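Comments concern the structure below.
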Amino acid sequence: MIPKTFKEAIDLGDGREITIETGKLAKQAHGAVEVRMGNAVLLCTVVSSYTPTSMDFFPLTLDYREKFAAAGRYPGGFMKREARPSNEEILVMRLVDRVLRPLFPSDYKFETQVMIQLMSHDDEVMPDALAGLAASAAIQLSDIPFEYPISEVRVGRVNGEFIINPSRSQIEESDIDMIIGASEDSVSMVEGEMLECSEEDMTEAIKFAHEAIKKQCEAQKKLVAQVGKKPTREYETAKENDDLKQKIHDAAYQACYDVAKKGLSKKDRSEAFSEIKDNVKALFTEEEQEEFGSIISRYFKDVHKNAIRDLTLNEKVRLDGRETTEIRPIWCEVDYLPSTHGSAVFTRGETQALATTTLGTSREANMVDNPTYQGEETFYLHYNFPPFCTGEAYPIRGTSRREIGHGNLAQRALKNMIPKDCPYTVRVVSEVLESNGSSSMATVCAGTMSLMDAGVQLKKPVSGIAMGLISEGDKYAVLSDILGDEDHLGDMDFKVTGTEDGITACQMDIKVKGLSYDILIKALKQARDGRLHILNKITETIAAPNQEVKAHAPKIITRTIPGEYIGSLIGPGGKTIQELQKLTGTTIVINEDEETEQGIVEILGTNQEGIDKVLAKIEAMLFKPEKGSVYEVKVIKILDFGAVVEYVEAPGNETLLHISELAWERTNDVTDVVNIGDVIDVKYFGFDPRTKKEKVSRKALLPKPEGYKERPSKPRSDNSRRDNRK
């Protein structure tokens with residue numbers, strides 16, 4: 001018997017709807033839900049252990065996977081099984097995790113796993129926009145403690161009209177592509193890219209998305225009401241000791257306040273705070289430290305955080321002594337590495353990024369082969385965050401989710417400034433060498449300069465800044481260019497990138513409930529001022545892209561040839577193109593455009609002479625002489641019945657100059673008139689209808705000798721007469 005199911009529908013207002021359903025699948029999970037939109041189906045489950053861990057943080061695992069079977073496809077590669085998550089799947093995990101994690105109780109230390117799986121794909125539905133809704137709905141159906149329902153939606157803008165959860169084709173036409181996460185009352189996460197939109201337009205997009213999210217949160221409540229709300233599970237909460245809390249506050253608050261006010265460097269500040277913590281611990285006996293160790297650390301952390309926040313709110317003084325709108329000192333340098341195609345160093349305070357640019361052909365494009373999307377990226381950016389950049393030592397075990405997320409943000413910030421007619425595949429790599437706040441924004445700045453240094457003709461330079469917020473009641477301070485510590489103790493981490501004309505990308509995490517749009521707009525306006533200040537420092541270092549690539553960097557030339565010539569250029573088994581590459585020292589890539597039935601030839605090389613030889617070969621291959629025209633030819637071979645000649649303007653194009661076309665007089669020996677290496681003029685007559693071969697003539701350009709008489713042509717044999725013989 002099929003079990004009873006419960007369902008709620010969400011009307012998107014344009015004929016589309018989203019349904020959330022529970023009761024049929026994955027019933028042993030603590031919460032399970034199916035989310036459907038069109039033919040797209042997401043299954044989300046949540047399970048949380050009833051046994052606490054010994055970890056001092058909340059062990060939440062957020063997993064999102066797209067099944068190849070969902071799109072009727074096989075996994076690529078030798079092993080026909082889904083393996084490690086793709087970058088795109090990891091980015092979805094981060095989007096959902098950032099909204100969910102703050103809503104679990106801070107003292108909840110039970111291992112929790114949220115799994116979202118795409119079970120059926122629809123080409124017109126972007127599943128990442130449904131993942132947050134699915135995760136929240138599954139948690140609401142469980143007994144796991146969680147503050148309130150949330151959801152996420154994508155918002156696009158096509159022809160000035162905002163759209164909720166646009167299709168992929170609509171996104172390609174959109175000038176805004178953002179995913180917003182929120183509850184009914186508060187926006188908590190924003191991430192996306194824009195085509196230089198204004199701060200006001202971005203705010204309107206967030207408001208529009210929030211209205212749609214409110215409906216999705218209401219639908220979750222209705223679904224829970226249908227099923228019946230499970231009692232929230234009880235668990236052992238963190239111990240509290242008011243006397244201990246007051247003792248630590250009295251001992252540490254003013255000391256932390258005074259250290260924060262000194263404007264010390266990251267290293268000196270860290271040492272000073274550590275000394276205060278040691279002094280606080282010294283107030284307790286070994287037995288007390290054994291019993292209350294974790295509580296002492298937690299209370300000290302709270303006092304440390306409150307002291308710094310109060311300093312900023314009361315005196316508008318920050319940890320490093322700056323004013324709230326002040327940007328740290330910046331220095332930049334381009335062409336730093338001699339052998340790269342482009343390089344730049346960007347240093348802002350104690351954050352430093354070294355970016356390199358590498359130029360290649362379409363063969364170096366980043367291939368994307370996911371169940372929901374197949375394509376290629378001709379511009380991509382990789383971000384590396386080694387341990388030494390924060391003065392730490394720990395093992396490196398592959399690319400972290402953080403590195404993937406920060407690299408994606410920087411890539412989105414820059415990609416729309418790469419001209420569509422850029423002939424290269426472009427890879428930017430950012431090596432973070434120092435980090436004390438917003439290395440992803442340093443990556444954007446270093447990446448911009450590196451691209452310009454490489455000669456990539458950016459439409460406009462891009463800069464980025466990280467903003468922060470500290471608020472308490474009616475008092476608040478918006479902080480420009482935040483430090484790492486300000487990120488951890490603040491209420492907002494807001495990264496925004498753009499040109500002088502508008503925003504190109506953003507990433508925002510809001511930790512405070514009920515952030516007003518007035519404060520958000522103020523933060524955006526303040527971010528613009530900071531962004532332009534940084535942009536000015538960039539353009540002081542390199543005002544515009546270099547007009548030429550570096551001498552050691554490859555030049556790329558693109559040529560289009562008719563499809564029927566592709567085989568000739570490649571040759572049997574690739575012999576012709578391989579020999580040509582070896583001879584010229586170039587890389588030749590041929591792509592076939594199925595729509596136009598033409599071949600697109602990319603020639604990449606550091607030596608212009610080699611590139612010119614390839615171009616000459618292509619021009620020669622495409623050369624078609626015109627009937628009645630005169631051409632210069634070179635004799636390359638002597639035969640008994642004529643000379644093989646090569647068109648001088650099209651080397652490799654050969655034709656036969658018959659012995660009878662050498663001169664008006666009878667020619668007994670070809671060498672009586674021409675020899676190998678001779679350059680002569682000939683007239684082109686097209687195809688001879690009798691021989692079905694091309695005909696060229698030297699004698700046609702010579703005056704007839706006086707008294708010259710045409711020799712009578714030989715009579716043709718009549719085969720039909722022979723066939724009629726009896």
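Note that the numbering runs from 1 along the sequence shown for the chain. Treat the numbers as computed from the prediction; the structure is a model and nothing was measured.
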Charged N to carboxylate O under 4.0 angstrom, E82 versus R65? no
So, D122 and R36, do they make that salt bridge, N to O below 4.0 Å? no
Hydrogens and angles aside, do Y235 and D107 bring a side-chain donor and acceptor to less than 3.5 Å of each other? yes
Counting C-beta onward and ignoring hydrogens, is there a side-chain heavy-atom pair between F284 and E291 closer than 4.5 Å? no
Assess whether a salt bridge exists between R412 and D177, defined as any Lys/Arg side-chain N lying under 4.0 Å from an Asp/Glu carboxylate O. yes
Does E21 use its side chain to pair, donor to acceptor, with the backbone of E34 at less than 3.5 Å? no
Between E152 and A131, is there a donor-acceptor pair closer than 3.5 Å when you use the side chain of the first and the backbone of the second? no
Given T390 and E392, is the side chain to side chain donor-acceptor pair (under 3.5 Å) satisfied, shown in steps? CA-CA 6 Å; T390 53; E392 297 174 276; 2.5 Å; yes
Ignoring hydrogens and geometry, is there a side-chain-to-backbone donor-acceptor pair from S136 to I150 under 3.5 Å? yes
Under-4.0 Å salt bridge between E377 and K415: no
Between the main-chain N or O of K495 and the side-chain N or O of T497, is there a donor-acceptor pair closer than 3.5 Å? no
For T51, is there any backbone N or O sitting under 3.5 Å from a side-chain donor or acceptor partner on S49? yes
Can you confirm whether more than 12 heavy atoms, excluding those of Y74, are under 6.0 Å from its OH atom? no
Could you state the interatomic distance from CD1 (I465) to OG (S438), rounded to the nearest 0.5 Å? 8.0 Å
Plane angle bin for Y383 and F385 - parallel if under 30°, tilted between 30 and 60°, otherwise perpendicular: parallel
I'd like to check R269 versus L483 (side-chain heavy atoms, cut-off strictly below 4.5 Å). Are they in contact? yes
Would one find more than 12 heavy atoms of other residues, nucleotides or ligands at under 6.0 Å from atom NZ of K207? yes
Within the distance-only criterion (no hydrogens, no angle test), does the side chain of R309 pair as donor or acceptor with the backbone N or O of L489 below 3.5 angstrom? yes
Tell me whether R101 contacts the main-chain N or O of L60 through its side chain, where contact means a donor paired with an acceptor under 3.5 Å. yes
Which value, rounded to the nearest 0.5 Å, describes the distance between Q507 atom CD and M441 atom CE? 7.5 Å
Could you tell me the separation between the CZ atom of R94 and the CG atom of N408, rounded to the nearest 0.5 Å? 9.0 Å
Check for a donor-acceptor pair, side chain of K266 on one end and backbone N or O of S435 on the other, with a separation under 3.5 Å. yes
Per the side-chain hydrogen bond (donor to acceptor under 3.5 Å, both in side chains) rule, which among R402, E403, R397 passes with S400? E403
Do D491 and Y476 make a side-chain contact, defined as non-hydrogen atoms from C-beta onward lying under 4.5 Å apart? no
Side chain to side chain donor-acceptor pair (under 3.5 Å) evaluation trace for E431 with N384: CA-CA 5 Å; E431 305 290 347; N384 296 318; 3.1 Å; yes
Closer than 3.5 angstrom, by distance alone: can the side chain of H30 be matched with the main-chain N or O of S48 as a donor-acceptor pair? yes
Enclosure of K301 NZ (heavy-atom neighbours >12, cutoff 6.0 Å): no
Is a salt bridge present between D185 and K513, judged by a nitrogen-to-oxygen distance below 4.0 Å? no
With a 4.0 Å cut-off, would you call K214 and E211 a salt bridge? yes
Could you go step by step and tell me if Q246 and Y299 meet the side chain to side chain donor-acceptor pair (under 3.5 Å) rule? CA-CA 9 Å; Q246 188 63 45; Y299 285 160; over 6 Å; no
Does E236 have more than 12 heavy atoms from other residues, nucleotides or ligands lying within 6.0 Å of its CD? no
